[in-house]
Asks: 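Pasting a structure below so you can have a look.
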Amino acid sequence: MEAIRVFGLKLGSKLSIHSQTNAFPAFKLSRFPLTSFPGKHAHLDPLKATTHPLAFDGEENNREFKNLGPSEWGHQFLSAHVDLSEMDALEREIEALKPKVRDMLISSESSKKKILFLYLLVSLGLAYHFEDEIKESLEDGLQKIEEMMASEDDLRFKGDNGKFKECLAKDAKGILSLYEAAHMGTTTDYILDEALSFTLTYMESLAASGTCKINLSRRIRKALDQPQHKNMEIIVAMKYIQFYEEEEDCDKTLLKFAKLNFKFLQLHYLQELKILSKWYKDQDFKSKLPPYFRDRLVECHFASLTCFEPKYARARIFLSKIFTVQIFIDDTCDRYASLGEVESLADTIERWDPDDHAMDGLPDYLKSVVKFVFNTFQEFERKCKRSLRINLQVAKWVKAGHLPSFDEYLDVAGLELAISFTFAGILMGMENVCKPEAYEWLKSRDKLVRGVITKVRLLNDIFGYEDDMRRGYVTNSINCYKKQYGVTEEEAIRKLHQIVADGEKMMNEEFLKPINVPYQVPKVVILDTLRAANVSYEKDDEFTRPGEHLKNCITSIYFDL
C-alpha cells in the first residue's frame, strides 16, 4: 500500500509528471566565495475598538514592549568545528555507494517494488541523488499503474458495497500509508476525504492501544502530528532513518548511505550557521537596538532547510539573511516604533538612499535598522519598499482600531508577511535555473502564491491571537471575520482552519497542472515553504515563542544521529 503514496494516491485519476532538471553535482560550501516562519486559544473578552498600547508620536521616551530575551542558542555556532577533510571523506564514501544504490533501484523486479524503493529513497532523504532515474521510473510506473493495481489486492481498498474494507485495519503499515496519501487530495478527490476519515479512526486507535510494535507506534504518532507530505524533508529523513534502522527488512547498504548523507548535510548546515553567526554578531544589534526584536538566527537558518540539498547552500545563506531582515522590519513596526516612526521608516526605505544625511531626523535605533536593511539586501529594493508601505497601512489600521473587511485584510496583511519577498529570495539563491522564466511563472501562478500567503497569514493570526489582544492589536483575521460575518470567536477560528484546509487541497490541485519551468521551482519555492510553515506552526507559533517541539527539531537536525 505504501507504493500508492509515491503516485500521490490518485484513486480514480492520474498524476501528471512535471519536467525536472538534471541532477546537479554536490555543492562545496567551503569553496564558495562568501559574500516569518518561520496552541489553543483561550476565550477572550468581546472585541473593543481600542488603540495600540505601544508608543506613538510624542511618546518615544515612554515605550512599552515585551523584552523577548536573547536566543537560547547564544553564539555557540560561532565556535562550531567543521572538519573539511571529514566532509571530503564523507563525500567520497557517498559517491562510492551511489552506484550500488542506483543498481538496487534499476534492478527492482516489478513496478510495485520499484515504487516502494522510490518511497524509501524519498523518505531517507536520498532521492536528490537519483533525479533522472526516479523520473524515468515514475513515467514507466504510471504507464503500468492500471496493470499493477489489477494484479495487487493490497492496492484495492473498497469492497463491492462501496465502503472501505474493514480488513484493511489489520495492516497497520497499510493504514498508515493510506492515511498519509489521503493528505494529497485536491478539491475534487472526495474519495480521499473518505480515506482520511476512515484511516484517522484506526490510526488514533493504534496509537493509543499499543498493539503495534514500538517502532511503528512512534511513526504513527508522528504522522498524526504531521503527515509526511506536509513535513520538511530533512525532518522526515532524520526520523525515517531512525525508524528504518529498526525494521526487520532494513537494507544495511541503504541505511549506511542514508546515515552518511545525513551527516554530510549536517556538516554543511553547521558550516553555514558558523558563517551566518559571524555575520549576525558583527551587526552588534545588542548595542544598537532596544531588546524588542526576536533573536532568531538559528531558527531562520532552520527555516531555510526547506532547500535541504547541498547544492542549495547559497540559497540557505541568502534566505537566512532575508528572514532576519523580515524579522527586524516586522518587530520594529509591530512591537516598538510609533506610527510616525513607521511612516518615516517606510519613506526612508522607499528613497533607498544609504547616505547618512538621508536619515536625518530618524532616532538612532531606526538608523541602525535602516543601515542593516540597506547593507544586507540592496538588490531587494523594490520588494522591501512595498513591504514597508504595507506595514505602514496595517499600523494605521491598528492605531485607529479599524477592522477592514476580511478580504481586504487578507489582501493587505497577507502581503505584510513578505512571502513574495521570500519567494524571490529563494529563486535568487537557486543555481542553474532560468531566472526570468521562473520569475514570470511566480508572478503568473496567482493561486499558488495567494494560497501560501493566506495559509501563513491565518495560522500566524490564530496562534498569535492572545498576544495580539493583550497588546490591543485588534486588527487581525479573526476579528475581521467576526465583524464581517457576525460570528463568535470560536466560530471564526473554526472557519479560518477550514479555509486553510480548503486552500491546501486547491494547492495540491495546482501542483498537478503542467508548467513551463523545472519542477524544482514550484517544489522548492512553494511546496517546501509551506512545509516549513507547517513545522513552525505544528504546536504553536514556536518561531515567536520557542517551544520544546521546535527546539527538539533543531537539536535533532544540527546535533543528533
Side-chain angles (χ1 to χ4, degrees), residues 18-32 82 87-88 90-95 97-98 101-102 105 118-135 138 228-229 231-241 254 257-273 275-276 300-320 322-323 422-423 425-435 438 517-532 535 553 556-558 561:
H18 301 297
S19 60
Q20 298 186 13
T21 57
N22 294 330
F24 304 125
F27 179 73
K28 300 292 291 184
L29 178 63
S30 56
R31 297 166 191 160
F32 175 57
V82 180
M87 292 184 72
D88 288 336
L90 284 169
E91 188 171 22
R92 287 194 297 270
E93 287 189 82
I94 289 170
E95 290 301 316
L97 284 174
K98 278 176 68 172
V101 176
R102 182 181 290 109
L105 170 61
L118 293 184
Y119 165 70
L120 268 180
L121 294 179
V122 170
S123 299
L124 292 168
L126 302 173
Y128 71 92
H129 289 286
F130 309 102
E131 290 181 338
D132 289 342
E133 293 85 354
I134 288 174
K135 179 175 182 291
L138 285 175
Q228 181 171 326
H229 173 62
N231 209 345
M232 290 172 65
E233 290 179 281
I234 190 63
I235 295 179
V236 170
M238 179 268 296
K239 294 291 185 182
Y240 202 87
I241 288 171
L254 192 59
F257 187 26
K259 285 189 170 184
L260 290 172
N261 185 68
F262 192 87
K263 183 63 177 179
F264 183 65
L265 292 172
Q266 278 185 320
L267 293 177
H268 266 278
Y269 303 156
L270 287 174
Q271 192 175 28
E272 293 160 21
L273 258 182
I275 293 166
L276 286 165
C300 284
H301 184 264
F302 175 74
S304 79
L305 298 186
T306 51
C307 316
F308 81 98
E309 302 169 27
K311 67 184 178 184
Y312 292 129
R314 180 198 299 271
R316 286 191 293 273
I317 291 178
F318 206 29
L319 275 177
S320 299
I322 289 174
F323 294 153
T422 300
F423 290 162
I426 296 174
L427 284 179
M428 291 185 70
M430 293 178 70
E431 297 182 335
N432 298 342
V433 171
C434 179
K435 298 297 193 298
V517 295
Y519 178 64
Q520 280 86 343
V521 174
K523 190 266 182 187
V524 174
V525 174
I526 303 291
L527 181 57
D528 289 342
T529 298
L530 280 172
R531 287 168 170 167
V535 172
C553 287
S556 298
I557 296 302
Y558 293 103
L561 194 66

Asks: Between V525 and T529, which heavy-atom pair has the shortest distance, and what is it?
Replies: O-OG1, 2.6 Å

Asks: Tell me which one of I234, I235, V524 satisfies side chain to side chain contact (heavy atoms under 4.5 Å, CB included) with F308.
Replies: I234

Asks: Does a salt bridge link E131 with K311, judged by any charged N lying under 4.0 Å from a carboxylate O?
Replies: yes

Asks: Would you call E95 and R92 a salt bridge, using N to O less than 4.0 angstrom?
Replies: no

Asks: Fit a plane to each ring of H301 and Y558, take the angle between them on a 0 to 90° scale, and name the class: parallel (under 30°), tilted (30 to 60°) or perpendicular (over 60°).
Replies: tilted

Asks: Please report the shortest heavy-atom distance between I426 and C307, naming the atom on each side.
Replies: CG2-SG, 4.3 Å

Asks: How close do P310 and H268 get, heavy atom to heavy atom, and via which atoms?
Replies: CB-NE2, 4.0 Å

Asks: Could you please spell out the steps behind the side-chain contact (heavy atoms from CB on, under 4.5 Å) verdict for R102 and H129?
Replies: CA-CA 9 Å; R102 182 181 290 109; H129 289 286; over 6 Å; no

Asks: Determine whether F262 and L124 satisfy the following criterion, side-chain contact (heavy atoms from CB on, under 4.5 Å), listing intermediate values before the conclusion.
Replies: CA-CA 9 Å; F262 192 87; L124 292 168; over 6 Å; no

Asks: Indicate yes or no: does D528 engage R531 in a salt bridge with an N to O separation below 4.0 Å.
Replies: yes

Asks: Any chance you could lay out the side-chain contact (heavy atoms from CB on, under 4.5 Å) test for L319 and Y312, step after step, and finish with the verdict?
Replies: CA-CA 10 Å; L319 275 177; Y312 292 129; over 6 Å; no

Asks: If you compare all heavy atoms of S304 against all heavy atoms of S320, which two are closest, and at what distance to 0.1 Å?
Replies: OG-OG, 3.7 Å

Asks: Decide yes or no on side-chain contact (heavy atoms from CB on, under 4.5 Å) for F264 and E93, but give the supporting numbers first.
Replies: CA-CA 10 Å; F264 183 65; E93 287 189 82; over 6 Å; no

Asks: Evaluate the ring planes of Y119 and Y240, with Trp represented by its six-membered ring, and classify them as parallel (under 30°), tilted (30 to 60°) or perpendicular (over 60°).
Replies: perpendicular

Asks: Sort out for me which residue in L121, V101, I94 forms a side chain to side chain contact (heavy atoms under 4.5 Å, CB included) with L126.
Replies: L121

Asks: So do P522 and L527 actually touch side chain to side chain, heavy atoms under 4.5 Å?
Replies: no

Asks: Hey, is the main chain of E309 close enough, under 3.5 Å, to the side chain of R316 for a donor-acceptor pair?
Replies: yes

Asks: Any sub-3.5 Å donor-acceptor pair from E233's side-chain atoms to T306's backbone N or O?
Replies: no

Asks: Within this structure, what is the CD-CG distance for the pair E91 and N261, rounded to the nearest 0.5 Å?
Replies: 10.5 Å

